[in-house]
Structures are given as C-alpha cells and as structure tokens.
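I have placed the structure first, in the form of structure tokens, so that the comments after it can refer back to it.
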Amino acid sequence: MTSFSLRRFALLSLRVGNLTFGGGDPTMAAFHRELVVSRGWLTPERYGLIYALARATPGTNLLAFCAGVGWQLARWRGALTAVLSASLPCSAVVVCFTYVYTLWRSNPLAMSAIGGTLAAAVGMMAAASFQLLRPGWKPGSRVRAAAIFAGGFVLSFCFSMPPIQVLGIGALLGLVWRTPAEV
C-alpha cells in the first residue's frame, strides 16, 4: 500500500487512462487493481459506488468515473487531474489512429491485428465484471449476485435497456432480495 499524493494519482491516471485498451470497462478494471488492490486508496465498496454512479451518468462513463475517483481522493484538484490525465493524451492518439486506419483499412494483416485487439478487450471486460462482482460473491449471497448479474446482462444485451434503468432495477432487487447476513 502506498500513500496518496496528487502527483502519484496523476501519473496513475495518465498510465491507466492512456495505456489500457478496450474502452471504459477494461480501464476501470485496471483502475480497480491499482486503486483498491495495489494501493489501497479506495475500499472495494467505495470503488463500486463510484463505478455504479459513473455508469448511471450520460456521456462518457470513463470520464465520469475518473472525475468521481479524483473527487473522492482530492476533491476538485483530484477530479480535474484525473479527467485531464486520462483523456487528453489518448484523445490525440485516437486522432492519429483514425488517420492511420483510413490508410490501412484494406490491409488484411492490419485488420487481423485489430480483430485480435478486440477479442482481448472483450476478455478484459469479462475480468472487469468479475472484479466488480467479487465483493458480493460470498457464501449465502452467490445465487443473489449471479441472478442480479445475469438479469442485468439480459436486460442490457437482449433488450437494450438503458443503463440507468438496469441499475435502478438492480438497486430495487438488492433492497428486496436481502441475504440473512444483511438483515
């Protein structure tokens, strides 16, 4: 566990926000590993709350997540540091990648590499899902956690339900379906 400093947090946000591929979920999984497991700057519960609130906001969930983590750790300075560190460099890279993609889109080798990157990103998203589910995956509550997880997946994937509605239903189920340890 390392002590918090705004400089360390800025470097972490810069590294994780700009060097993790696959979108918001893999990036948030990498942040989980760093903020909760490695550094201990956030508890699993606090991390889960920030994650859920970021998912409920419209727009880019990753930026909302970074702002939430930054706010929790260092208020306005932390929120601003996290959003700028995690977004400005990778935005410039996306512009460059888009240009290169227009040049290479007919190259089968380049398209194979992009396909492999996409498959790895999906695997990272699955790992992120399990990391978030893990705190609720305790004896006596596994059926509940698995059922709410599966329900959220079905509502989102099969019925294209907006995230705020899926999260609201999950919250209601969590209130109604409580385990003996929570009562």
Would you please name every residue forming a ring pair (Phe, Tyr, Trp, His ring centres under 6.0 Å) with F130, sequence neighbours left out? none
Working for side-chain contact (heavy atoms from CB on, under 4.5 Å), residues S129 and F149: CA-CA 9 Å; S129 297; F149 174 84; 4.0 Å; yes
Could I get the full list of salt bridge (Lys or Arg N to Asp or Glu O under 4.0 Å) partners for R33, not counting sequence neighbours? none
Hey, are the side chains of M161 and S156 touching, using non-hydrogen atoms and a 4.5 Å cut-off? no
Show which side-chain atoms of residues 74-83 pair as donor or acceptor with protein atoms under 3.5 Å away, not counting sequence neighbours.
from: R75; atom 1: NH1; to: W71; atom 2: O; distance (Å): 3.1
from: T81; atom 1: OG1; to: R77; atom 2: O; distance (Å): 2.6

Please answer: with hydrophobic residues joined when any side-chain heavy atoms are less than 4.5 Å apart, are W104 and I114 in the same cluster? no
From C66 SG over to M28 CE, what is the distance, rounded to the nearest 0.5 angstrom? 8.0 Å
Pairwise distance CZ(F4) to CZ(R39) - rounded to 0.5 angstrom: 10.5 Å
State whether the side chain of T57 and the backbone N or O of A54 hold a donor-acceptor pair below 3.5 Å, judged by distance alone. yes
With rounding to the nearest 0.5 angstrom, report the CZ to CG distance, R142 to L133. 10.5 Å
Check: N18 side chain, L88 main-chain N or O, donor-acceptor pair, under 3.5 Å: no
Are side-chain heavy atoms of F65 and N61 found at a separation under 4.5 Å? no
Pairs touching residues 10-21 that satisfy salt bridge (charged side-chain N to carboxylate O under 4.0 Å, His left out), sequence neighbours left out: R15-E34
OG1 of T43 to OH of Y47, rounded to nearest 0.5 Å, is 12.0 Å
Would you give the length of the straight line joining atom CG of L167 to atom CG of L172, rounded to the nearest 0.5 angstrom? 11.0 Å
Of all residues at least two apart in sequence or in a different chain, which pass the side chain to side chain donor-acceptor pair (under 3.5 Å) check with T98? none
Minimum-distance pair of heavy atoms, taken over all atoms of S106 and P108: O-CD, 3.3 Å
So if you build clusters from Ile, Leu, Val, Met, Phe, Trp, Tyr with side-chain heavy-atom gaps below 4.5 Å, do V36 and L53 land together? no
Side-chain donor-acceptor pairs under 3.5 Å in residues 7-14, sequence neighbours left out?
from: R8; atom 1: NH1; to: S3; atom 2: O; distance (Å): 2.7
from: R8; atom 1: NH1; to: S3; atom 2: OG; distance (Å): 3.1
from: S13; atom 1: OG; to: F9; atom 2: O; distance (Å): 3.1

Cation-aromatic face contact R134/W137, 6.0 Å, 45 degrees: no
Decide yes or no for L35 and V69: does some side-chain heavy atom of the first lie under 4.5 Å from some side-chain heavy atom of the second? yes
Does the side chain of I50 come within less than 4.5 Å of L42's, by heavy atoms? yes
Can you get from F159 to I148 by hopping between Ile, Leu, Val, Met, Phe, Trp and Tyr side chains that sit under 4.5 Å apart? yes
Check against side-chain contact (heavy atoms from CB on, under 4.5 Å), T102 and F97: CA-CA 9 Å; T102 61; F97 279 174; over 6 Å; no
Is there a path from Y51 to V166 through hydrophobic residues (I, L, V, M, F, W, Y) whose side chains come within less than 4.5 Å of each other? no
First locate atom CZ of R46, then atom CD of Q72, and finally report the distance between them rounded to the nearest 0.5 Å. 4.5 Å
